[in-house]
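For reference, the structure discussed in these notes is given below.
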Amino acid sequence: MIITLSWLKDHLSSSANLNKIIDKLTDIGLEVEGVKENQGELSNFKIAKVLKAEKHPNADKLKLCDVSLGDGKIIKVVCGAPNARDGLISVYAPPGSVIPKTKMKLKIAKIRGVESHGMLCSENELNISNESAGIIELKSKEKEVGKNYFKSNSEKSIDVSITPNRPDCLGVRGIARDLASAGLGKLSILKKTKIKQSFSQPIKISITKEKNQGCLSFGACYIKNIKNKQSPEWLKKKIISLGQKPISAVVDITNYVMF
């Protein structure tokens with residue numbers, strides 16, 4: 001079970017630091033197998049602006065882009081993405097960067113006779129999603145040009161070994177509840193949101209009561225007329241922090257609720 005300190009503190013009101021939490025987890029029988037750097041810490045990848053995108057002089061499907069990191073310098077990048085255009089805010093990887101998807105280390109290279117300094121990245125190349133049709137489009141990020149795309153906040157993820165008799169700790173809130181019971185803070189009260197339902201539940205469910213029933217509760221919610229799409233950034237980052245790969249809103253929400 002992978003957790004992060006920030007996610008844990010969404011459920012646990014505590015001033016304890018990472019080391020204290022690790023010690024307490026060990027004390028209460030939730031063995032910490034390891035602590036590692038958050039996978040989102042890729043400091044080379046910068047938010048950049050495409051000042052100009054024009055047709056490559058020697059290739060019909062390539063574009064030559066003037067890219068800015070907000071420091072007044074212009075970086076020449078050859079890009080094959082169909083959505084590369086003037087004014088687009090995207091993610092730039094300079095020479096020396098290692099692309100997460102391919103593990104390829106970038107270097108200055110001539111592409112069809114024109115020198116390219118790095119590349120503009122798609123979500124697929126950064127292991128954020130399967131979207132590879134074009135480079136990342138960042139809206140309302142004009143003021144963040146030049147800053148790191150992946151927030152380098154030195155947050156670490158904690159790998160907790162959960163034994164078969166502790167399924168109650170196969171989630172962040174379960175671990176927070178255990179720590180609160182052990183005196184390391186107070187379990188936060190979750191805000192309840194009422195769901196407005198204007199249609200009848202079409203699927204009928206019945207539960208038979210049996211002797212020594214193992215399942216204490218059962219819940220269901222029928223959802224219709226949804227449009228699946230990419231998850232918002234906050235949800236993607238939650239999924240990535242646990243070593244998972246964002247897929248789509250429906251899949252990511254399912255994983256988020258499970259964790």
Side-chain angles (χ1 to χ4, degrees), residues 1-47 91 98 100 126-129 141 143-144 147-195 214-219 221 231-247 249 251-259:
M1 175 66 201
I2 305 291
I3 63 172
T4 62
L5 186 60
S6 61
W7 199 340
L8 181 66
K9 290 197 173 183
D10 287 343
H11 297 272
L12 181 70
S13 178
S14 173
S15 59
N17 61 22
L18 182 67
N19 290 333
K20 284 186 177 179
I21 286 174
I22 290 171
D23 289 342
K24 183 59 70 174
L25 285 170
T26 303
D27 288 344
I28 61 180
L30 298 176
E31 180 187 357
V32 176
E33 290 194 334
V35 178
K36 59 183 179 180
E37 293 290 335
N38 192 314
Q39 292 184 359
E41 295 185 2
L42 300 166
S43 60
N44 283 341
F45 296 85
K46 305 290 184 181
I47 296 174
V91 178
V98 177
L126 297 186
N127 268 340
I128 294 174
S129 76
K141 296 287 186 179
K143 294 181 180 179
E144 295 185 34
K147 294 183 179 180
N148 291 347
Y149 175 65
F150 294 103
K151 304 303 180 184
S152 181
N153 56 9
S154 298
E155 184 178 30
K156 295 178 173 64
S157 57
I158 309 167
D159 188 356
V160 184
S161 177
I162 307 297
T163 52
N165 64 320
R166 293 305 309 272
D168 56 304
C169 288
L170 286 173
V172 178
R173 187 161 181 83
I175 293 175
R177 185 188 300 111
D178 231 34
L179 288 170
S181 299
L184 199 74
K186 185 178 179 182
L187 189 66
S188 302
I189 298 173
L190 296 180
K191 293 181 180 179
K192 293 184 179 180
T193 303
K194 289 186 177 180
I195 300 174
C215 182
L216 300 179
S217 61
F218 179 88
C221 179
S231 300
E233 285 299 312
W234 70 266
L235 180 53
K236 286 181 181 178
K237 288 175 181 177
K238 288 279 192 186
I239 299 300
I240 291 170
S241 73
L242 300 181
Q244 302 291 315
K245 183 179 178 181
I247 303 297
V251 177
D252 296 346
I253 289 168
T254 303
N255 287 331
Y256 174 72
V257 171
M258 178 179 68
F259 281 114

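Values in this document were obtained by computation on a predicted structure and should not be read as measured data.
A pairwise comparison of heavy atoms in Leu187 and Leu12 identifies N-CD1, 4.4 Å as the closest pair. Leu184 and Lys24 get closest at one heavy-atom pair: CD2-CB, 3.9 Å. Heavy-atom minimum distance, Ser13 versus Ser188: N-OG, 3.7 Å. Nearest approach of Ser14 to Gly185, heavy atoms of both residues: CB-CA, 3.9 Å. Scanning both residues, Phe45 and Leu126, for their nearest heavy atoms gives CE2-CD2, 3.4 Å. Val172 and Met1 get closest at one heavy-atom pair: N-CE, 3.8 Å.
Here the CD-CD1 distance, from Glu233 to Ile128, works out to 6.5 Å after rounding to the nearest 0.5 Å. To the nearest 0.5 Å, atoms CD (Glu33) and CD1 (Ile158) are separated by 13.0 Å. We find the CD1-CD distance between Ile47 and Glu144 to be 4.5 Å, quoted to the nearest 0.5 Å. Interatomic distance, CD1 of Ile240 versus CG of Leu235, reported as 10.0 Å (0.5 Å rounding). Note that CG of Leu5 is 6.0 Å distant from CG of Leu18, once rounded to the nearest 0.5 Å. Separating the CG atom in Asn255 from the CD1 atom in Ile253 is a distance of 10.5 Å, to the nearest 0.5 Å.
Residues Cys169 and Leu30 form a side-chain contact, since some pair of their non-hydrogen atoms from C-beta on lies under 4.5 Å apart. Under the 4.5 Å side-chain criterion, counting only non-hydrogen atoms from C-beta, Leu25 is in contact with Ile175. Between Lys46 and Val91, every side-chain heavy-atom pair lies at or beyond the 4.5 Å cut-off. In this structure the side chain of Ile239 never reaches within 4.5 angstrom of the side chain of Ile247, judged on heavy atoms.
Between Ile22 and the options Val35, Asp27, Asn17, a side-chain contact (heavy atoms from CB on, under 4.5 Å) holds for only Val35.
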Next item on the list: Show your working on side-chain contact (heavy atoms from CB on, under 4.5 Å) between Val32 and Ile21 and close with a plain yes or no.
Entry: CA-CA 10 Å; Val32 176; Ile21 286 174; over 6 Å; no
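The 12-atom threshold is exceeded at CG of Leu190, counting heavy atoms of other residues, nucleotides or ligands nearer than 6.0 Å.
Among residues at least two apart or in separate chains, salt bridge (Lys or Arg N to Asp or Glu O under 4.0 Å) pairs with a member in residues 2-23 are Asp10-Lys238. Within the structure, salt bridge (Lys or Arg N to Asp or Glu O under 4.0 Å) contacts touching residues 171-187 (residues at least two apart or in different chains) are Arg166-Asp178.
Trp7 and Tyr256 have parallel rings, their planes meeting at less than 30° on a 0 to 90° scale where 60° marks the start of perpendicular.
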